[in-house]
Amino acid sequence: MEKKLNGIVLKSVNYGENDAILNIFTLEEGIISAKIKGVKKASAKLKFASQPFCFAEFIIAEKGDKKSVINASLHDGFYSLRENFYAFYAGSTMLEFALKFLSQSVENKEMFLLLSKSLNELTYGKESTEKVLIKFLLKALSLSGYGLYFDRCVKCGCEISGRVFFSVQTGAFACEECLEEGFEIYFNTYLALKNIEKEDFDKEHLINGLKLISYYLRERAEVEIKSLKEFIEIEFFNKN
């Protein structure tokens, strides 16, 4: 049986001398694993389809529980992501998030549309890499059941205007008067996360926001996004 699936390659692993195993996040069926033959050869016509970030219509052949890519038509390769360190690791963070938070063969159209839109913004948009990445992570966390609550103090419901505290256990923020658990963060970091859709912020506050998200992922979801860690380290190294 053959079927057409629109998908984004999240990961490619060498298999044998010339083949690869792909993890493809598809619009129609969620994440699937499929073998693609001969793509390590220099003349392989489907080499493009075995690369992470490849967004294509894949022709998938199924035999029992085995899947194989037999053809593909490219929508977008997001090739320029490979030419910029920051954009590459930001995009890799998005792919890794999808791979670690989504289940095999479970459709998730909202996450697929978020990923494709975010990769497009990262490649062709005018917003900073850090802002695009934070916007993706906050929405992806919400879709995955780990959303952060920013609007007001989680305890008293008042707008936070002074010192602000974050609870990993609840993913919420509280004012000084209502502090019961958690730790203090910079107020500008809180504002950067809360108003990321509306305003532009200094890179320092955006990086601090990414550090907080990375910590939250490790402590609350027990997931380490290695690409996010590397992105933050690259920013820190260049700053110093």
Inset, instruction - For the pair Leu119 and Asp76, evaluate side-chain contact (heavy atoms from CB on, under 4.5 Å) and give the outcome as yes or no after the intermediate values. - result: CA-CA 10 Å; Leu119 290 175; Asp76 199 328; over 6 Å; no

Please identify which of these residues, [options], meets the side-chain contact (heavy atoms from CB on, under 4.5 Å) condition with [X].
X      : options                : value
Ile196 : Glu130, Glu127, Lys131 : Lys131
Tyr146 : Leu141, Ile213, Leu217 : Leu141
Leu95  : Leu115, Asn23, Val9    : Leu115

Check whether [X] and [Y] end up in the same hydrophobic cluster, where Ile, Leu, Val, Met, Phe, Trp and Tyr are linked by side-chain heavy atoms less than 4.5 Å apart.
X      : Y      : result
Ile60  : Leu74  : yes
Tyr79  : Met94  : no
Tyr149 : Leu137 : no
Phe97  : Val106 : no
Phe136 : Leu27  : yes

Legend entry - Within residues 187-197 or reaching into it, pairs that qualify as side chain to side chain donor-acceptor pair (under 3.5 Å) - sequence neighbours excluded: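 Checked against side chain to side chain donor-acceptor pair (under 3.5 Å) - neighbours excluded - the pairs reaching residues 187-197 are Lys139-Glu197.
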
Do side-chain atoms of [X] reach the backbone of [Y] as a donor and acceptor pair under 3.5 angstrom?
X      : Y      : answer
Glu96  : Lys226 : yes
Lys100 : Val223 : no
Lys47  : Val39  : yes
Thr123 : Asn120 : no
Ser167 : Gly171 : no

Legend entry - Closest non-hydrogen atom pair between Cys153 and Cys175, with its separation: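 Of all heavy-atom pairs spanning Cys153 and Cys175, the closest is SG-N, 3.4 Å.
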
Legend entry - Nearest heavy-atom neighbours spanning Leu99 and Ile31: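 Nearest pair, atom of Leu99 first, then Ile31: CA-CD1, 4.1 Å.
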
Inset, instruction - Kindly determine whether Phe78 and Phe88 satisfy side-chain contact (heavy atoms from CB on, under 4.5 Å), including the steps that lead there. - result: CA-CA 10 Å; Phe78 302 111; Phe88 176 78; over 6 Å; no

Legend entry - Tyr216 and Phe166 aromatic centres sub-6.0 Å: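 Yes, the ring of Tyr216 comes within the 6.0 Å limit of the ring of Phe166, centre to centre.
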
Inset, instruction - Step through it carefully: locate the ring centre of Phe150, locate the ring centre of Phe173, and say whether they are under 6.0 Å apart. - result: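 Yes: the rings meet the under 6.0 Å criterion.
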
With rounding to the nearest 0.5 Å, note down the distance linking [atom1] in [X] to [atom2] in [Y].
X      : Y      : atom1 : atom2 : result
Phe112 : Phe25  : CZ    : CZ    : 6.5 Å
Leu81  : Glu83  : CG    : CD    : 9.0 Å
Leu122 : Asn84  : CG    : CG    : 8.5 Å
Thr93  : Leu133 : OG1   : CG    : 5.5 Å
Lys63  : Ser68  : NZ    : OG    : 9.5 Å
Lys11  : Ser50  : NZ    : OG    : 14.5 Å

Legend entry - Note, Glu184 side chain near Val164 side chain (heavy atom, < 4.5 Å):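 Of all side-chain heavy-atom pairs linking Val164 with Glu184, none is under 4.5 Å.
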
Inset, instruction - Side-chain contact test, heavy atoms from C-beta onward, threshold under 4.5 Å: evaluate it for Glu57 versus His75 and give yes or no. - result: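 A side-chain contact under 4.5 Å exists here.
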
Inset, instruction - Using a strict 4.0 Å threshold on nitrogen-to-oxygen distance, state whether Lys109 and Glu28 make a salt bridge. - result: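 Looking at Glu28 together with Lys109, the answer is no, because their closest N to O distance does not fall below 4.0 Å.
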
Inset, instruction - List the steps, then state whether side-chain contact (heavy atoms from CB on, under 4.5 Å) holds for His205 with Leu191. - result: CA-CA 9 Å; His205 304 313; Leu191 287 180; over 6 Å; no

Inset, instruction - Decide side-chain contact (heavy atoms from CB on, under 4.5 Å) for Ser92 and Phe231; before the verdict, give the C-alpha distance in whole Å, the side-chain angles of both, and the deciding distance to 0.1 Å. - result: CA-CA 9 Å; Ser92 296; Phe231 179 87; over 6 Å; no

Inset, instruction - Using the ring pair (Phe, Tyr, Trp, His ring centres under 6.0 Å) rule, take Phe183 and Tyr215 through it: C-alpha gap first, then chi angles, then the decisive distance, then the call. - result: CA-CA 12 Å; Phe183 56 89; Tyr215 178 78; 5.7 Å; yes

Inset, instruction - Determine whether the side chains of Lys37 and Asn18 contain a donor N or O and an acceptor N or O closer than 3.5 Å. - result: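 Their side chains do not contain a donor-acceptor pair, so the 3.5 Å distance test is not met.
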
Inset, instruction - Given side-chain hydrogen bond (donor to acceptor under 3.5 Å, both in side chains), test Glu29 with Ser105 step by step and report yes or no. - result: CA-CA 5 Å; Glu29 297 186 2; Ser105 302; 5.9 Å; no

